[in-house]
Amino acid sequence: MTLSRLDIARQFAEKHGLDLLAPLVIGGNYVPATEHHGVVYVSGQVPRVGTTVTALGRVGEAVSLEQAQAAAEVCALRVLAILEQQFGLERIAKVLKLNVFTQSAAHFTQQSEVADAASNLLAAVLGHDSGPHARTSVGVYQLPKNAAVELDATVALR
Amino acid sequence: MTLSRLDIARQFAEKHGLDLLAPLVIGGNYVPATEHHGVVYVSGQVPRVGTTVTALGRVGEAVSLEQAQAAAEVCALRVLAILEQQFGLERIAKVLKLNVFTQSAAHFTQQSEVADAASNLLAAVLGHDSGPHARTSVGVYQLPKNAAVELDATVALR
Amino acid sequence: MTLSRLDIARQFAEKHGLDLLAPLVIGGNYVPATEHHGVVYVSGQVPRVGTTVTALGRVGEAVSLEQAQAAAEVCALRVLAILEQQFGLERIAKVLKLNVFTQSAAHFTQQSEVADAASNLLAAVLGHDSGPHARTSVGVYQLPKNAAVELDATVALR
């Protein structure tokens, strides 16, 4: 039996205690995603599960690389939850771009390794045709709610 | 009498001493906005009124949340000024994405609240159909001219 | 004799010891660029020549403005190398958006001047019709591999 993208995403989500079909809370006057001519712009996601941000503080200090990678997985799963709820994961033709922001200690330079956790998850869920994406990873000074990681995505639908 | 989008934008602009129809000064070798197949990419705007940047320094230290929110309004008005001058505000079908960068103190985590000021202004000017947008808010370490806030936008035309 | 875009780009690349046609190494689970309906999203580029990142540390401290500008040129050349190898530089209709991230000292505020080096190079290679772009420049706290500068681009093909 072939697993659907949603099945695979749910396996990852369960590991983090995240319900992909739960209503998404937005912390401001904006929307989870917009769509125009088949291109979807997904809002920046912090690693929130329910009402809890799962990793708080600077990566390289309060937060380890491994904890940041787990947080990046949660962010990526929230992107997938939004896409599932608004469009359906099967409609994703390609992840065009991923932007990953890591709240960094002064000398933490493994932002790419943090982002890889999100990239790997997207590839696992969406497969070799739709998952590979362009990416930008930077180290920022702070993030909303003191989140350790935030990421957003631009996605093409079919 | 129904107010046009430009009328509403001008009411906000007057509060900040900003003239939406004044020529926009660009501080580098780039353009205020590009357009391709009805999608407009607007350059990052700092809160400049005339030759003055209205909020300088880190939000949470030199700059209060309220001052940063006022600065975010100026940035959003500058985006609208560019769109008005190049395309006309009535042609905006939808704000697709807003990226908001707040020069943050080490422990300032209300980047979303800063960004809300810009989002609220866009919703007030463009209305419920065209205003709501996807958004990413991050806290950066510095910004050009020591500006407290910078934002850019991707916009669909009709 | 008219120089092609590749000819001009190579003249800049030689100055930095960069081979535009050498295979590009990607440091993570993503791709150099994605394309959808003629719009290309190029991944964030640090100023790597071969296996060396040419400018390491904070601009305004370990790295001078001039060194950062040279690094921004290398980043822009890497964007052009990706575009040449995947699509051919002659197919670039317009650079739509450039995002420039400068690893900044606490009081370094010349992020626009760093970005100008990249913008000038793109204009020189692609000409007045295709080169001018929208741009966002911010100062970040860290970058992958401790790079001083990183930039990405969105580009329209013809």
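Below, chain A is the first sequence line, B the second, and so on; all start at residue 1.
Only the side chain of C:F101 has a heavy atom closer than 4.5 Å to any heavy atom of chain A. With a 4.5 angstrom heavy-atom cutoff, A:Y141 touches chain C via backbone and side-chain atoms both. For a residue to count as touching a neighbouring chain, one of its non-hydrogen atoms must lie under 4.5 Å from one of that chain's; by this rule A:T154 touches chain C with the side chain only.
The choice from A:A123, A:P132, A:A93, A:A106 that makes the most heavy-atom pairs within less than 4.5 Å of chain C is A:A106. Across A:V138, A:V39, A:L122, A:V95, the residue that shares the most heavy-atom pairs under 4.5 angstrom with chain C is A:V138.
Counting only N and O atoms by type, the side chains of C:N29 and A:N120 include a donor and acceptor under 3.5 Å apart.
Remark: C:K145 NZ to A:S112 OG distance equals 4.5 Å, nearest 0.5 Å. Atom CD in C:Q142 sits 11.0 Å away from atom OG1 in A:T102 (nearest 0.5 Å). Rounding to the nearest 0.5 Å gives a distance of 9.0 Å between OG1 of A:T136 and CG of C:L151. Once rounded to the nearest 0.5 Å, the distance linking NZ of A:K94 with NE2 of C:H36 reads 10.5 Å.
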- Task: Please test A:T109 against C:N146 for side-chain hydrogen bond (donor to acceptor under 3.5 Å, both in side chains), starting from the C-alpha separation and ending with a verdict.
- Result: CA-CA 5 Å; A:T109 60; C:N146 194 27; over 6 Å; no
Next on the checklist: Walk me through whether A:Q111 and C:L143 qualify under side chain to side chain contact (heavy atoms under 4.5 Å, CB included).
Outcome noted: CA-CA 7 Å; A:Q111 288 81 13; C:L143 286 171; 5.5 Å; no
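Nearest heavy atom pair, residue A:A134 against residue C:S43, reads CA-OG, 3.1 Å.
Between C:D152 and A:R135, the closest side-chain pair of non-hydrogen atoms is not below 4.5 Å. Residues C:Y30 and A:H133 form a side-chain contact, since some pair of their non-hydrogen atoms from C-beta on lies under 4.5 Å apart.
Within a 6.0 Å radius of CZ in A:R10, no more than 12 heavy atoms belonging to other residues, nucleotides or ligands are found.
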